[in-house]
Amino acid sequence: MDVTLHLAQDPEADELLGRSPLAALVGMLLDQQVPMEWAFKGPRTIADRLGADDLDAHDIAARDPEAFTALLSEKPAVHRYPGSMAKRIQQLCQYLVEHYDGEASAVWDGVPTAAELLGRLEELPGFGKQKAQIFLALLGKQLGVRPQGWREAAGAYGEAKSFRSVADITGPESLVKVRAHKQEMKAAAKAAKAAKG
């Protein structure tokens with residue numbers, strides 16, 4: 001995996017995301033309740049604070065939880081909720097160590113069908129169906145991981161030329177389009193809720 005991503009809109013953070021399967025997974029995990037760029041800058045910030053060039057699942061899984069929480073809580077914090085996210089990142093890394101010998105890319109390398117890959121992604125701690133589908137779309141659209149049926153398994157996120165999620169962000173212009181789509185979806189959900197009264 002060595003591609004150029006533009007999810008963090010920060011060259012150093014995006015460089016790490018493009019070469020590190022674990023960084024990409026951690027960025028996806030962090031992508032909730034904060035701006036997308038903030039979430040995907042997180043893996044670079046964590047690596048820098050660990051004094052490392054990359055994230056290591058074995059290292060993160062074995063760290064003292066309080067010390068790891070403190071690392072994510074340093075200003076500027078890695079996430080709006082650094083404590084809960086530190087716990088989730090450690091759970092993800094522990095799962096990867098237990099099931100994939102710490103190799104994040106083993107989650108998708110050589111998986112023959114998209115249905116199987118989607119199932120593997122949904123099993124990751126902190127990944128529900130929607131997050132798994134978005135990550136599957138990111139793998140297919142930008143990282144060259146395209147098992148049979150990947151677009152269908154990714155649902156609407158797999159559609160070509162759509163601007164629904166991080167899978168579609170390739171630069172500042174597409175980021176604006178994805179953000180606009182998300183705001184439209186939130187407004188529609190709010191209107192639907194109000195209509196139900």
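Numbering of residues begins at 1 and proceeds along the displayed sequence. Just the heavy atoms: all of them, side chains too, but no hydrogens, waters or symmetry mates, feed the values below.
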Contact summary for [X] and [Y], nearest pair of heavy atoms:
X	Y	answer
L136	W150	CD2-O, 3.9 Å
L175	M36	CD1-CE, 3.6 Å
L117	P147	CD2-CG, 3.8 Å
A23	L17	O-CD2, 3.5 Å
L71	R49	O-NH1, 2.8 Å

From [X] [atom1] over to [Y] [atom2], what is the distance, rounded to the nearest 0.5 angstrom?
X	Y	atom1	atom2	value
F68	D59	CZ	CG	8.5 Å
L22	H58	CG	NE2	10.5 Å
I169	F40	CD1	CZ	7.5 Å
L55	L50	CG	CG	7.0 Å
I89	I46	CD1	CD1	4.0 Å

W108/F135 aromatic ring centres below 6.0 Å: yes
Can you name the one residue among V166, L139, D168 that meets side-chain contact (heavy atoms from CB on, under 4.5 Å) with I134? V166
E37: which of H6, Q9, R179 passes side-chain hydrogen bond (donor to acceptor under 3.5 Å, both in side chains): R179
Would you mind telling me which of Q130, Q133, R164 makes a side-chain hydrogen bond (donor to acceptor under 3.5 Å, both in side chains) with Y157? Q130
Any donor-acceptor pair under 3.5 Å linking the side-chain atoms of K141 with those of S162? yes
[Y]/[X] salt bridge by N-O under 4.0 Å criterion:
X	Y	value
K177	E173	no
R19	D14	no
E159	R151	no

For atom CD of E12, is the number of surrounding heavy atoms from other residues, nucleotides or ligands below 6.0 Å larger than 12? no
Flag yes if more than 12 heavy atoms outside K131 fall under 6.0 Å of its NZ atom; otherwise flag no. yes
Between M85 and R88, is the side chain to side chain contact (heavy atoms under 4.5 Å, CB included) condition met? List the steps. CA-CA 5 Å; M85 284 302 166; R88 286 186 179 186; 4.0 Å; yes
